[in-house]
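Heads up: the structure comes next, in C-alpha cells.
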Amino acid sequence: MTAQPQTLAQKILARACGRTTVQPGEIIVGRLDLAMTHDSSGPRRLQPMLERLGAKIWDLSKFVVITDHYLPANDDDSRQIIRITRDWAREHGLKNFHDEQGICHVVLPEKGYLRPGMFAVGGDSHSPTGGAFGAYMFGVGATEMLGAVVTGEIWVKVPQTLLIEWSGSLGRGVSAKDMMLHLCRTLGLDGADYQAVQYTGSAISALSMQERMTLCNMATEIGAQTGLVAPDATTRDWLQQVAGVDPASIDITQWQGDADAPLGAHQRFDASSLAPQVAAPHSPANAGPIGDHGHQRIQVAYLGACTGAKLDDLRMAASVLRGRRIASGVRLMVGAASLHDQQQAEREGTLGVLQQAGAELLPNACGACAGYGAYRFNADTVVISSTARNFKGRMGSADARVFLGSPYTVAASAVTGHITDPRELLA
Amino acid sequence: MSKDSNPSTQAPGSIEPADATSATPGGRVWRCGDNLDTDALAPGQYMKYGIEEIARHCLESLQPEFASQVRAGDVVVAGRNCGTGSSREQAPQALKHLGVAALVAKSFAGLFYRNAINLGLPAVVCAEADRIQAGDRIRVDARAGLIHNHTRGEQLRCEAIPAHLLQLLDDGGLLPHLERRLAGRTNNHPAAVSSHE
C-alpha cells in the first residue's frame with residue numbers, strides 16, 4: 001500500500017504520469033496506452049489537422065479505428081465518410097482497423113485491446129465503457145484527439161472518486177440499465193460533476209462484464225469523466241475467454257483502490273428494492289419506476305446501441321420474448337452491438353427467439369441511437385428504447401417521443417404494445 | 001439534487017438595449033436553459049456535413065430563429081450542465097462558426113467545456129448567470145473573470161479559467177497551440193519533428 005491511500009482512478013493516473021501518487025485537483029499529463037476513434041470522429045476529422053501540423057500518429061500500434069456511425073452508408077455523404085476511413089486505414093497500414101464489426105465501445109474490449117490499469121481516450125462520449133475493465137478511459141472531441149495522437153499524451157485534472165455502492169441483488173427482470181436510469185434521476189445529468197465514478201458492492205460484483213459495461217457507458221449520462229469497476233475474476237475470465245487476452249497481461253490485484261482512500265462522496269443504493277425504470281422524453285434524468293408510465297402506447301421498441309444491444313442485452317430480451325409475438329402495429333428493431341455478439345446470439349438460439357417474436361434486424365452499428373443516418377424516428381412516433389439518451393430530436397424528429405428502458409422492458413413493451421413491467425411477463 | 005428540467009430557451013426578442021449607442025455595446029445575449037445538449041447544438045442528421053451546414057441547424061429544435069439571427073459578437077448564456085451529451089466538437093464549433101464570442105453558463109459538461117476551449121471559444125462559469133437576460137448587451141472578459149452587463153449596469157464575477165487553458169485560448173485553440181509547439185520543437189530539435197504524411 002502506498003503511503004498516501006489512493007483510489008483506483010488515482011492509481012491509474014499516477015502510473016500514466018510516471019508517479020507513485022497523484023492528488024485530486026492537480027493537473028497531470030498522462031502517457032496514453034490507447035486511443036480509439038470511429039468513422040465520424042476519426043480520419044475524416046483528424047487527417048486535415050495532421051496535414052496542417054505536418055505531424056503523424058505517435059504510435060499506430062496504440063491507435064484503433066472502428067466504423068460504426070455511418071453504417072449502413074445510405075447516401076453519398078455517408079459513403080464518402082466510410083471510404084475516407086477505409087482509405088486512411090489502408091494507406092497507413094493500420095492493423096487496428098475494424099470495419100463493419102460493430103460499435104466501437106463493444107468491439108474494443110471484444111478484440112482484446114483493454115486491460116485493467118490502462119489510460120485511454122476515445123473519440124466518443126461513451127468511451128468510459130472501457131472502465132468496466134478497470135481502465136481509465138474517457139471521451140474527447142476530434143481536436144483534442146488530434147492533440148492526443150500527435151503527442152501520445154493528454155491532460156487530466158485528477159478527479160475525486162464518487163463511490164456508488166449497490167448492495168443487495170437485482171430482482172428478476174431488473175438490470176444495470178435500470179440502475180443507471182435510477183442514478184440519472186437521483187443524481188441528475190451533472191451529478192458526477194466530471195469526476196470519476198466507481199461502482200461497487202455486492203450487486204455490482206454479481207454483474208456480468210457486459211452489464212458492467214452498461215454501468216460505465218452511462219457514467220457519461222450522470223456527467224462523470226470516467227466510470228470504473230475494479231477488476232475481479234469476472235473481468236479476468238471474460239478478457240481471457242471472450243477476448244483471448246493473455247492472462248499474464250491481466251493484473252487484477254494491482255488495480256484496486258485503497259480501502260482508506262479519501263472519496264469525493266460515497267452514495268449507497270439498494271439493488272434488491274429497485275424496480276424497472278423508464279425515462280420519459282426528453283432526458284434520461286426524467287426517469288422513475290415503470291409504474292409511473294402506466295399504459296403509454298408505443299409504436300417502436302428498439303434494442304440498440306452500445307448501451308442496449310450487447311449479447312447480454314439480447315439475452316434479456318429473449319427471456320421475455322421466448323414463445324411470444326410482438327403486438328400488431330408494433331415494430332421491434334434489433335441492432336446487435338457487434339457482429340461477434342450477433343453470431344453468438346445466433347449460435348445459441350437467442351437471435352432466433354427474437355426473430356420468431358417478430359424482430360427486424362438492423363446492421364451491427366449505432367443505428368437510430370446516434371440519429372446520424374439511415375434510421376430516424378418520425379414525428380409523433382412513440383418509442384421505447386434500450387439506448388442511453390433521449391434528448392429532443394436526437395433519434396429523429398423533434399416531435400418523436402423516446403422513452404428509455406432496459407432490454408427487458410423494451411421486449412415486454414413490444415409484446416403488449418404499451419410500456420410494460422417485464423416482471424409481469426417473466427412471472 | 002433536483003430532477004433535471006428539459007432544455008428550454010427563450011428568444012432574445014427585439015428589445016433595443018439601453019446603451020445601443022455606447023462605444024462598446026458588447027454582444028447581444030441569447031438565453032438557453034439547463035442541460036443544453038449537443039444534439040440541439042449539432043443535430044445528428046447534419047453531422048455528415050461540414051460545419052457551415054451543421055451551424056445552419058444549430059439549436060433549431062429549441063430556437064429555430066437562432067442560426068439565422070445570431071450575429072458576430074453575440075453571447076450564449078445557459079444554465080447548468082451546458083453541453084451535456086456527445087463528444088462531437090461540432091457543438092461548440094457551430095456556435096463559434098456563427099460568430100458567438102463567448103459562452104457563459106452556471107456549469108458546463110466537462111467534455112463540452114474541453115471542446116469549447118480546444119476550439120478557441122471562451123467558456124466561462126458564472127454562478128449568477130441567471131441575472132443575465134435574453135437581449136442584454138454584455139461583454140465577457142474571460143481573463144479577468146468578469147462579465148460586464150451594459151444593459152443592467154452590473155458586473156458579474158466568473159470562475160477563473162485555469163492557466164493552461166488560458167494559454168490555449170490565447171493561441172486561438174489547441175490546433176494553433178500545437179502548431180506553435182511543434183514549430184518551437186523544429187527550432188530546437190529538428191529530429192523530433194515528424195515528416196509530412
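Side chains included, hydrogens not; waters and symmetry mates left out as well; all remaining heavy atoms used. Labels below follow one simple rule: chain letters A, B, ... track the order of the sequence lines, proteins then strands, and each chain is numbered from 1.
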Neighbours of chain A found in residues 87-102 of chain B - heavy atoms under 4.5 Å
B:S87, B:R88, B:E89, B:Q90, B:Q93
Between CZ on residue A:R52 and CG on residue B:L178, distance to nearest 0.5 Å
9.5 Å
Nearest 0.5 angstrom please: B:T84 OG1 to A:I222 CD1, how far?
11.5 Å
So what's closer than 4.5 Å to chain B heavy atoms on A:D193: side chain, backbone, both or neither?
neither
Looking at A:D75, A:D76, A:D39, A:D77, which one forms a salt bridge (Lys or Arg N to Asp or Glu O under 4.0 Å) with B:K48?
A:D75
Look at A:A142, A:G123, A:G393 and state which one has the largest set of heavy-atom pairs under 4.5 Å with chain B.
A:A142
With the side chain counted from C-beta on, respond yes when B:R114 and A:I154 share a heavy-atom pair under 4.5 Å apart, and no when they do not.
yes
Side chain from CB out, backbone as N, CA, C, O: work out which of these in A:R394 comes under 4.5 Å of a heavy atom of chain B, or both, or neither.
both
When the 4.5 angstrom heavy-atom criterion is applied to A:E144 and chain B, the contacting part is both
Considering non-hydrogen atoms only, spot the tightest contact between A:A55 and B:L182 and give its length.
CB-CD1, 4.2 Å
Look at B:H177, B:E179, B:E60 and state which one has the largest set of heavy-atom pairs under 4.5 Å with chain A.
B:E179
Can you see which heavy atom on A:Y372 is nearest to which on B:M47, and at what distance?
OH-CE, 3.3 Å
Counting only heavy atoms closer than 4.5 Å, note whether A:S41 contacts chain B via side chain, backbone, both or neither.
neither
Rounded to the nearest 0.5 Å, what's the gap from OH on A:Y194 to CG on B:N81? Could you check?
12.0 Å
Nearest 0.5 Å please: distance from the CG atom of B:L62 over to the CZ atom of A:F391.
11.5 Å
Option that, when pairs with chain B are counted at under 4.5 Å, heavy atom only, ranks first among A:L146, A:I27, A:T220:
A:I27
Nearest heavy-atom neighbours spanning B:G85 and A:S125:
O-CB, 3.4 Å
Identify which part of A:A370 has an atom lying under 4.5 Å from any heavy atom of chain B, answering side chain, backbone, both or neither.
backbone
Separation between SG (B:C82) and CG (A:D190), nearest 0.5 Å, reads 11.5 Å
Pull out the residues in residues 122-129 of chain B that come under 4.5 Å of chain A, heavy atom to heavy atom, sorted by number.
none
Identify which part of A:W58 has an atom lying under 4.5 Å from any heavy atom of chain B, answering side chain, backbone, both or neither.
neither
Counting C-beta onward and ignoring hydrogens, is there a side-chain heavy-atom pair between B:R181 and A:T151 closer than 4.5 Å?
yes
Please step through salt bridge (charged side-chain N to carboxylate O under 4.0 Å, His left out) for the pair B:D39 and A:K392, ending with a clear verdict.
CA-CA 8 Å; B:D39 290 283; A:K392 190 174 186 176; over 6 Å; no
Leading residue by heavy atom contact count with chain A [cutoff under 4.5 Å; candidates B:L174, B:L111, B:L119]:
B:L111
B:R131, CZ atom: more than 12 neighbouring heavy atoms under 6.0 Å
no
Per-residue contact mode, B:T38 against chain A (heavy atom under 4.5 angstrom):
neither
Mind ranking A:M395, A:H126, A:R44 by heavy-atom pairs under 4.5 Å with chain B and telling me who comes out on top?
A:R44
